**Q** 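The structure under discussion is supplied below as structure tokens; questions concerning it will follow.
Worth saying up front: this structure is predicted, and the values here are computed from it rather than measured. All chains are named by letter (A, B, ...) in the order of the sequence lines, taking the proteins before the strands, and each is independently numbered beginning at 1.
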Amino acid sequence: MKRIYYKTALFAGIVALVTGCTKLNEEVLDESLSTRGLTERQIADGQVTPIYALLPTLHEHTRYFALQEISTDEAILPYRGGTDWGDNGIYLSLHRHETTSTDPNVRNTWNTITQGISRTVTAIFSLKNNTDAIAPAYIAEARAMRAFYNLLSLDLFGIAFIKEDPGAVSKIVRGAEAVDYIKSELLAAEPLLDNTSGPGRLTKAGAWGLLAKLNLNAPVYRDVYADAFQFKTEDMNEVINYCDKIISSGQYALSTDYFAIFGNDNHNNKELIFAVDQRADLNGHNRLAYFSLSGDQFPLTAFPAANGTDGPGITSDFYRSWVSAYGAVDPAQADPRFFKQNVSMNTNPGDSCVTDFNVDRGILRGQQYGLIRKNGVFEKCPDGKFKVGKLFNASRSNPNLPVEFTEKIDFTTAGSNYSTGYRVEKYEFSKKSASGRNFGEADISIVRLADIYLMRAEAKLRKGDAAGALADVNTVRLSRTAYTVQPTALTGTLTLDLLFRERGFEFYWEMNRRTDMIRFGKYEGTWTEKSNTDKKKRIFPIPQTAVDGASNLPNYLVQNSGY
Amino acid sequence: MTKKSNWNARFIPGLLLLTILSFTSLVQVFGKGVPRKSNHYPIEQTITGKVTDAATGKELTGANIAVKGSNKSSTTDANGNYSITVANENAVLVFTFVGYAAQQIPVKGQSVINVTLQPASSDLAQVVVVGYGTQSKKDITGSVKSIKSEAFNKGIINAPEQLLQGKVAGVNVTSASGEPGGAMNITIRGPGSLRAQSTPLFVIDGVALDNNGTGGGNPLNFINPQDIESIDVLKDASATAIYGSRGSNGVVLVTTKRGKAGLSILTLTTSLGVSTMARALPVFNASEYKAQVVKVGGVLDDKGADTDWQKEITRTALTQNYNVALSGGADKLTYYASFGMQKQEGIIKMNDFNRYTGRFNATQKFLQDKLIIEANLTATGTVNNRPPISGALGDALSNNPTYPVYDANGNPAQYQNINNPLQSFNLQKDITKINRILGNISASVRLAKGLVYKLNFGVDNSTGTRDYQQMPNLVPVIDGRLETYYTTNKNTLVENYLTYNFNTGDHVFSVLGGHSYQKIFLQGRNYSINRFAITGIEPQYNPGLGQELTLANNRPGGYAIENELQSYFGRIDYQYKNKYLARANFRADGSTKFGGNNKYGYFPSFSLGWKISEEDFMANSFFSNLKLRAGWGQTGNQEIPAKVTQASYTSSVSGSTSYPLSGTGPYPAGITFVRLDNPDLQWEVSKQTNIAMDFGLLKGKLNGSIDVFRKVSSNILLTSIPSDPIQPVQTYFDNVENMKITNQGVEIDLEYRNVTDKGLTYSVGGNVTFIDNEVTNSPYKVITSGSASGSGLTSATLNGYINNQPLGTFYLLDFIGFNTNGTSKYRDVDNDGIVSDKDRIAAGSALPTMMYNFSGNLGYKGFDLTVNFNGVSGNKIYDNTANSFFYKARLVKGINTTAEGIGSPDESTSNAAGISTRYLKNGAYLRLNNAALGYTFNTAKMGIKWATALRFSITGQNLFVITKYDGYDPEVNTDRTSGDGVISSGIDYLSYPKARSIIFGLNLSF
């Protein structure tokens, strides 16, 4: 019998082992799934920062920049030398207005904007329960940012999203309904917005700037495929109203030093109203500065690996708009916004040894001079200074091909070589960057005072006040007095064409061009490799991934026509 | 009520019933009390003798001699001799040996019994491992294939998959490249999942492994192939359902060698392999290059040398293998111990893979053999040194062949415009060291007649350290950097189960019920440091010499994941009159990975068999064996990432979550969603039906089987895009409703074995699989994967999975020649005047539609010869290497290329070679995988007393490949899985070239 007890006990033990093991609750070891231990203020801050945190990513060269600039006459990106920027032809398609719904840059831009909207929705929803005194102001800020992201979505994709409850499905609105929604949101937020936290955050003046922009483009947004947009007086009056508010606030000033607006220490530049606050130790990227430069241009003495990428150049059509404006005078001598020389060797061939080095700014043409890299280090003069010399495409296995930027840039073999096209170095090359390339500290302008003046000028002009418009244009032109090359006033009668040209001179590569071209009726024009006149291409396709994802809700997310 | 809860309701009671059933029978058995021990003491008697092969007269080593009706057994020694004690002269001895027909001989007063065993007319006597038990092959109802060690592929073997390649119908084994110790892909009856894990479940001596590795390469490299006794592959759901939520991709059961009582053997095995690159890519040599560059209008940069860069980066590689195995035992204790070392040089310089293994397996019986303890322990260390392989291959294919490799001082020459791969070899190293210990101990207690309780406890602990170092250097300037990755994978298993066998004459039952608990803990951490002084000291040996640490460049990383799996399983086998077979398997799996609403999954299977040849009416038929099998089962694939069912929002300071709210001060932490929750998330479900026929003809000389199967996987796991685009994260994990992946096909196995009167033994065999894969009801227009590599190809994808096409489909523009200006011309499928992504077509799949293998064995006197061929057809390979390396525009710039690259006279020298069907190639091949010729010396005849067996062999591996594919090798799969984990297939991009090897082996037993 003993044995039986032993066996039974053993078996009971087994049963106990079998039944009492685990509840199978997953324990997460490497992520904190709560905000335990934070104060209400910290939670409030934690809700607001993410709504801005996507701005640097959004303004990357492969997202908003690409969509707003490479689709226009301001920028073209060929398959460089048959080795670089091929990217399966997406940049060629973008320039030719042949982009399809699978384009990764379109998808990434869409994803960043929709995620931005979502973060504002989450913030507004959570902040309603926040007891800190800052909460109402933060809610207003999040609402205004939601309107900002929706404005971008409306501009690029023709739709906006209305969403209050994070758990509900957004309402998709288009056309006039979308314009009215965004306007009402900005107006609701505006009274509660702070006016001292700019330019990195959306302030009262920032909201006014967005309202001006929205009203100016409202005729386009209401009827995006129209043959001619109806610029109604009441819209234009709104534009003038909000621009007046900003200008009369006295809080902002035009920068006498044009390139300082895009400099590394531009955060306190009084021209900036709303900008992406970049910090090299947190979120900044330097791509807008380096990607257009040559692969053999090395702007930092400390980083022999930090070079350009031979990205886009300006089209010859855009360059010709400068030449035709100034006739016999070279644009560099006629307009301080065109070029700022930093490399003295450009004009003084003997000056080939330097202690510090900065690349030129503005539009770079012809032979480039710079730090010479051999075997991974910069060459030095006998006195220990850095040697500056004529640059060649040495890193491209073309040591005999000079880095000489040419006017011709297109999709032909000759037009696609490494050094074709005039380049743009508008933003200053980051000096705080740890790797030489990856980080940036210059704030990226979203709304600045010059745009306020030029928007007001446009509204006046569209209402028939050409003289008032010209005055605003010249206020901007004549403010850039910091350099040897002095600005000149525009004379004669201001036309829409001249104003469009002027916007190009002032805002080139600032991610306004596509919107401007559509509003001025230029987007169906012909330039370099672009001849498509399809009005349906004014807005981009909704990414195929999003359309697929929404396929379970019939007629919910309808693809834009023409795609 | 959903389908799932239906299962729930139906099977929980079933399981209970099963448990009660086993319990009641247990009580019954106990109730009868313990049989009284007999007081009769018989006269013990010792029998000796020799066991030989009836055909050749060769002594058989390791043949088993058992006394019928007792637990006594013995084994023949190296000379075929045995000795066994029997209780009395009425005893009957049973002689068995793998591959031979069993014989029963009554003792009847004899003291010397010599036996000649006939080679088995069929292999029906084989025992097959089926998961929580074994089964006689003749009673199998599912689709199971057992491969014994004699039949394994021969050559330089790193992982058990290689032993199997081509050996089992329906199993597709593909090495990702020719790299020693590199990743292997193995799928059983086709992939049923879009995400990466279509790997079968591996179970080593009863311990289910976790498929996660610790630091690159194939996670199964830790097993010494020479320790493996057999590999059993469970293919259909009726066989794999006992492994429930891990059964969908099939199960591979590896059994290691054990000692045999009464036999002490020391085996020394050593081999030396010589490997060379099987095929180089035909880039131009210097004189061709000089002519061709000029011809295409390029500027010739001639440095005068004649360099074969591919030759410079490769070598004749040696592989040494040493293995010592000791095995033996007495009546109560048997053991097997082995120590192995394989030092393998890669054919690319500076690359090697070394493995050190030790194994100890022991079995001990206690309490009148009622308690059997088995312990298995294996410890392995692998060291893998990798230079920058794909970079070096890219350089070797592109570099100007007129550039000398070395400078005047004999050092690798430094060039401004090209990269000398030999210099990178000196400057970059990637060293992975993995230590893995797998041990399990099991106790079987015979509680009563036919009732056995088994406890199995196993621990598999693997730690990997990977150092990636860049040596500091002056020219070119490199600061020096060391990155170290520590990885841990700890897998613990506890299993308890009862088996109960009983028969009542015509009715034979076997019942199994049990519980399993498994816990897997994964952890990874990485650290780095920058800027080393040029001291000649490698950073890996003294990271403290690094002089720079910044969060931007050296932010540490890490993760830790814990999964638990709790299961209840059961099985009932029933046989009637040894003709009609039935089997039901069941498993309930609960996993921490599953969502809160679906914690448990239920996986049943049923199968039936009919041994037609046992019927009376078949008595005089020409079939020696004829059996019909049919089964159905439901299994799951739970290889979903951890944590994905839970929403996660974190408070962190990072570029994408934080933003300055004021001019100065610390950045506030942003609270953001990282993941959306999905409490409904569950395993992928696969339902499989299998109908098969096993047959034996010509008196058992010809054996074969035909299986027809259909496996439908549903609940496909994907990162789905929410319908509302306004979401905190772009995707979430979801089981896509209605989407299905179907694999269906036919498998045919055939083998003919014969022994001639003159002692020539020979066999020829083979298998062929026809398989179709199809994706249906996908809600997505296309699910892309397989991102292309190379300049101009960024953002392009090669694979696109669409409805009514197989997985692994290439979704590409259709190349139709050249435009008048010499640029590539593609078919405008939708006729919209623009060639865009919308014009892509399904251009074939990377999955073969046919896989086949044939092998032959020949034995005569001391000689033996084995050949193994395997091949696939119906598959395509995307030659991404040619796409990004071989085209005219590159040669114009002085970059070397092949004749293929400039072969189109209409092509412009500036044409960008985009992604298209132009580089999609036929991947069919037939390979002589291995051929081995051996000679076994008759040591006894030669008067050598110190050795019982001496065998020399010469093995050729990868002796030839017949294929139209012109890359390094058609067996290739460069992993280009997309960011959201969807598998890529059939892409060749700078893959490690395959080796051709000759291995000289010596095998010595004492």
Side-chain angles (χ1 to χ4, degrees), chain A residues 3-4 7 14 17-18 21-22 24 26-33 35 45-47 49-50 52-53 79 82-84 86-90 98 100 102 104 111 114 117-118 122 161 163 169-170 200 277 279 282-283 304 375-377 394 397 399 413 434 544-546 548-553, chain B residues 30 34 414 416-417 447 475-477 496 515 517 550 552-553 559-560 562 564 566 590 592 599 643 646 648 650-651 655-661 667-672 721-728 730 779-781 791-796 834 836-838 889 893-894 910 912 914-915:
Chain A
R3 179 163 283 184
I4 295 170
K7 282 181 178 174
I14 296 161
L17 214 66
V18 163
C21 241
T22 174
L24 296 174
E26 183 168 40
E27 194 181 340
V28 176
L29 303 170
D30 56 355
E31 288 173 13
S32 151
L33 303 185
T35 52
D45 286 352
Q47 298 291 354
T49 56
Y52 289 106
Y79 186 12
T83 59
D84 286 46
D87 293 63
N88 204 27
I90 55 174
E98 290 176 359
T100 55
T102 54
N111 285 346
T114 52
I117 296 173
S118 167
T122 310
F161 300 89
K163 185 167 186 165
V169 174
S170 335
D277 189 351
R279 306 287 173 94
L282 176 71
N283 60 358
N375 292 333
V377 288
S397 302
T413 308
Q544 188 61 44
T545 47
D548 283 345
S551 58
N552 60 334
L553 299 179
Chain B
F30 284 141
V34 183
Q414 161 76 27
Q416 177 83 348
N417 55 337
L447 299 170
V475 181
V477 172
N496 290 283
H515 170 262
Y517 172 76
T550 60
N553 288 327
Y559 60 87
E562 197 174 69
E564 289 176 297
Q566 174 162 260
T592 52
K599 273 292 173 209
K643 305 187 290 188
Q646 300 197 48
S648 173
T650 60
S651 174
S656 59
T657 61
S658 185
Y659 189 83
L661 292 181
Y667 305 121
I671 301 167
T672 52
I721 297 150
S723 32
D724 178 1
I726 306 304
Q727 298 293 344
Q730 263 94 45
Y780 298 105
K781 202 174 156 203
S791 75
L793 309 178
T794 320
S795 91
I834 302 169
S836 69
D837 274 357
K838 285 176 169 177
K893 298 190 183 72
S910 64
I915 297 288

**Q** Which answer fits A:Pro104, side chain, backbone, both or neither, if we ask what part of it has an atom under 4.5 Å from a heavy atom of chain B?
**A** side chain

**Q** In terms of heavy-atom proximity below 4.5 Å to chain A, should B:Gln414 be classed as side chain, backbone, both, or neither?
**A**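 Looking at B:Gln414, just its side chain touches chain A.
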
**Q** Under a 4.5 Å heavy-atom cut-off, does chain A meet the side chain of B:Ile834, its backbone, both or neither?
**A**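 Side chain only.
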
**Q** Is A:Phe161 close to chain B through its backbone or its side chain, or both, or neither, when contacts mean heavy atoms under 4.5 Å?
**A** side chain

**Q** Do you know which two heavy atoms are closest between B:Ser658 and A:Ala53, and how far apart they sit?
**A** O-CB, 3.4 Å

**Q** Where does A:Leu553 contact chain B at under 4.5 Å (heavy atoms): side chain, backbone, both or neither?
**A**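 For A:Leu553, the contact with chain B is made by the side chain alone.
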
**Q** Identify which of A:Leu29, A:Asp87, A:Asp45 forms the greatest number of heavy-atom pairs closer than 4.5 Å to chain B.
**A**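 Sorted descending by pairs with chain B, the first entry is A:Asp87.
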
**Q** Just so I understand: if I count every heavy-atom pair under 4.5 Å between each of B:Glu562, B:Lys781, B:Lys838 and chain A, which residue has the most?
**A** B:Lys781

**Q** What part of B:Ala889 lies closer than 4.5 angstrom to a heavy atom of chain A: side chain, backbone, both or neither?
**A**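 Neither; nothing under 4.5 Å.
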
**Q** Measure the spacing between CG of A:Leu282 and OG1 of B:Thr657 and express it to the nearest 0.5 Å.
**A** 7.5 Å

**Q** Which answer fits A:Thr100, side chain, backbone, both or neither, if we ask what part of it has an atom under 4.5 Å from a heavy atom of chain B?
**A** side chain

**Q** Apply salt bridge (charged side-chain N to carboxylate O under 4.0 Å, His left out) to A:Asp84 and list each qualifying residue two or more places apart in sequence or on a separate chain.
**A** A:Arg396

**Q** On a heavy-atom basis, which atom in B:Glu564 and which in A:Leu24 lie closest, and how many Å separate them?
**A** O-CD2, 3.8 Å

**Q** Heavy-atom pairs under 4.5 Å with chain A: which of B:Gly914, B:Pro668, B:Ser836, B:Gly894 has the most?
**A**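 Top count of heavy-atom pairs under 4.5 Å with chain A: B:Pro668.
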
**Q** What pair of heavy atoms forms the shortest contact from B:Lys643 to A:Glu26, and how long is it?
**A** N-OE2, 2.8 Å

**Q** What is the minimum heavy-atom distance between A:Ser118 and B:Pro728, and which atoms define it?
**A** OG-N, 2.9 Å

**Q** Counting only heavy atoms closer than 4.5 Å, note whether A:Thr122 contacts chain B via side chain, backbone, both or neither.
**A** side chain

**Q** Report which part of A:Asp277 has an atom under 4.5 Å of a heavy atom belonging to chain B: side chain, backbone, both, or neither.
**A**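 When you check distances to chain B, atoms from both the backbone and side chain of A:Asp277 fall under 4.5 Å.
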
**Q** Which residues pass the side chain to side chain donor-acceptor pair (under 3.5 Å) test with B:Tyr667, not counting sequence neighbours?
**A** A:Asp281

**Q** Where is the tightest heavy-atom contact between B:Gly670 and A:Pro50, given as atom of each residue plus distance?
**A** CA-CG, 3.9 Å

**Q** State the CG-NZ distance between B:Asp724 and A:Lys163, to the nearest 0.5 angstrom.
**A** 4.0 Å

**Q** Can you name the nearest heavy-atom pair linking B:Ile721 to A:Thr545, along with the distance?
**A**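 Heavy atoms of B:Ile721 and A:Thr545 come nearest at CD1-O, 3.4 Å.
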
**Q** Rounded to the nearest 0.5 Å, how far does OG1 of A:Thr49 lie from CD1 of B:Ile671?
**A**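 One gets 7.5 Å once the value is rounded to the nearest 0.5 Å.
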
**Q** Step by step, work out the side chain to side chain contact (heavy atoms under 4.5 Å, CB included) result for B:Ser723 and A:Val169.
**A** CA-CA 8 Å; B:Ser723 32; A:Val169 174; 5.7 Å; no

**Q** For the interface with chain B, which of A:Pro399, A:Gly86, A:Ser170, A:Gly200 has the highest count of heavy-atom pairs at distances below 4.5 Å?
**A**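 Answer, by heavy-atom pair count under 4.5 Å with chain B: A:Ser170.
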
**Q** Based on non-hydrogen pairs under 4.5 Å, which of A:Ala546, A:Ala550, A:Gly46 is most in contact with chain B?
**A**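 The residue among A:Ala546, A:Ala550, A:Gly46 with the greatest pair count is A:Gly46.
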
**Q** Pick from B:Ala669, B:Pro722, B:Pro660: which one has the most heavy-atom pairs with chain A under 4.5 Å?
**A** B:Pro660

